[in-house]
Number of protein chains: 2
Amino acid sequence: MTKEFQAYIKKVSARIPDEDIPSLFKWAQSRDLKKGEVLLREGEVCREFYLVEKGYLRTWYNKDGDPINLNFTFEGDFTTNLKSLNGRLPSDLTIEAGEDSRMWVFNLDLRREKYESNPEIVLFYRRLAVHVLLASEEHSNLFKLYTPAERYRYIEQNNPRLLQRISLSQIASYLGVTRETLSRIRGKRQ
Amino acid sequence: MTKEFQAYIKKVSARIPDEDIPSLFKWAQSRDLKKGEVLLREGEVCREFYLVEKGYLRTWYNKDGDPINLNFTFEGDFTTNLKSLNGRLPSDLTIEAGEDSRMWVFNLDLRREKYESNPEIVLFYRRLAVHVLLASEEHSNLFKLYTPAERYRYIEQNNPRLLQRISLSQIASYLGVTRETLSRIRGKRQ
DNA sequence: CAAAGATTGTGACTTTTGTCTCAGGTTGGT
DNA sequence: ACCAACCTGAGACAAAAGTCACAATCTTTG
């Protein structure tokens with residue numbers, strides 16, 4: 001249990017007591033992934049949260065054969081498909097490793113021992129759900145409120161590591177434009 | 001306590017027992033609104049959920065003076081600003097009545113008596129939060145995955161009462177296009 | 001190190017959407 | 001019934017983004 005992991009948890013819920021954090025990881029499993037390996041496949045029901053320890057995850061939707069990137073999750077952040085997890089529905093999106101990565105996998109089998117032994121875990125999962133959804137809402141607002149160029153500038157200001165680590169083509173899909181358009185936006189530099 | 005109210009609650013959480021539903025409404029207040037009256041103003045901290053009994057609510061964001069519609073909430077549905085409520089942050093959006101309306105206002109003062117007397121209420125609020133966020137995610141996906149014309153067709157199929165009750169100009173703002181463009185999409189009828 | 005493959009930048013052209021304008025219709029209040 | 005405010009549809013033009021093609025550059029791999 002490093003300081004880093006504590007910081008990751010605190011980012012989700014600052015109110016959680018330090019002494020409860022080890023018990024969260026007690027029920028989580030570490031998992032290594034090769035680039036391109038899939039954590040959640042389209043059609044499967046999602047039952048887990050993922051915390052990225054190293055590398056990053058790419059979440060994408062298959063629109064008539066073309067992938068559309070919805071999210072990139074980097075070190076220290078959580079992701080999942082909450083719609084699938086909450087409603088026990090088949091996932092309409094895929095979560096896969098963008099590079100060789102290491103995860104912490106938090107399984108959500110809340111009926112088991114962890115529930116009895118530590119109600120703080122249940123509370124944490126609920127806060128985690130809201131946290132993940134609010135994060136995804138931020139990306140949504142990019143689309144509702146900004147033009148493509150404004151979206152790029154926003155990412156430039158607020159999430160520059162995304163631009164450093166993801167290829168232009170992948171970012172274009174994430175911003176909802178073609179790669180040519182993104183290339184031009186970037187060229188204008190204004 | 002009518003059957004209708006029970007159905008509204010069950011839509012959020014099918015697992016809640018019938019006998020707990022009256023206690024939810026015990027702590028809610030009924031409120032009448034004139035068209036245009038504001039429930040949550042930009043800059044205020046949101047502390048409530050709203051259940052629409054009659055009429056509808058319009059949620060909008062002020063972008064450089066122009067309103068952008070983010071949500072319409074009709075009879076039987078809940079809304080709130082969860083980002084503001086969850087983080088005690090000033091709201092960056094406004095919620096107001098689109099016609100003369102009647103609400104049920106659920107105040108979120110969880111430290112009070114309701115907490116002690118009925119932990120089911122707290123559980124319900126957490127589920128409500130996820131419910132509201134997942135609903136807003138659906139609207140977001142319209143933007144991330146579809147073109148303006150596809151968005152309109154989607155609403156036509158999945159939420160036709162919106163088209164019947166909201167003016168073209170307001171819908172255009174909701175779909176992220178000008179009213180002229182929406183008028184053309186509608187004209188093509190294809 | 002060289003060849004193959006992927007990624008990016010650029011230009012010409014097309015399609016879509018926005019902007020500006022105006023005319024006709026609807027609604028609500030007096 | 002009248003007026004004002006708002007809403008809708010349509011046309012002409014401008015701006016933005018997409019499509020297609022190809023060259024230049026970067027990466028990977030044998």
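Naming: A, B, ... by sequence-line order, numbering from 1 per chain.
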Going 5' to 3' through nucleotides 7-14 of chain D, assign each nucleotide B (protein heavy atom under 4.0 Å from a base atom), S (under 4.0 Å only from sugar-phosphate atoms) or - (no protein heavy atom that close). -BBBBB--
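One interatomic measurement links the two molecules: CG of B:Leu182 to P of C:dT19, which rounds to 15 Å at whole-angstrom precision. Separating the OH atom of A:Tyr152 from the P atom of D:dA16 is a distance of 18 Å, rounded to the nearest angstrom. Put simply, CG on B:Leu175 is 12 Å from P on C:dT17, counting in whole angstrom units. What separates CD of A:Glu99 from P of D:dT28 is a distance of 12 Å, to the nearest Å. Note: CD1 (A:Ile185) to P (C:dG9) measures 12 Å, nearest angstrom. Note: CG (B:Asp66) to P (C:dT19) measures 9 Å, nearest angstrom.
Applying the 4.0 Å criterion to OP1 and OP2 of D:dA17, one finds that A:Thr181 has every side-chain N and O outside that range. Between D:dG18 and A:Thr178, a contact under 4.0 Å exists linking OP1 or OP2 to a side-chain N or O.
At least one cation-pi condition fails for B:Arg165 and B:Tyr56: the charged atom is not both under 6.0 angstrom from the six-membered ring centre and inside a 45 degree cone around its axis.
Results of the ring-ring contact (aromatic ring centres under 6.0 Å, His included) test with A:Phe106 over A:Trp27, A:Phe25, A:Phe49, A:Phe124 single out A:Phe25 as the only residue that passes.
Taking 4.0 Å as the cut-off between side-chain N and carboxylate O, A:Glu156 and A:Arg153 count as a salt-bridged pair.
Taking the six-membered ring where the residue is Trp, A:Phe74 and A:Phe72 present parallel rings, their angle staying beneath 30° rather than reaching 60°.
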Applying ring pair (Phe, Tyr, Trp, His ring centres under 6.0 Å) to A:Phe5 and A:Trp104, what does each step give before you reach the verdict? CA-CA 10 Å; A:Phe5 287 165; A:Trp104 284 94; 5.6 Å; yes
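Distance check: A:Gln29 CD to A:Glu48 CD gives 8.0 Å after rounding to the nearest 0.5 Å.
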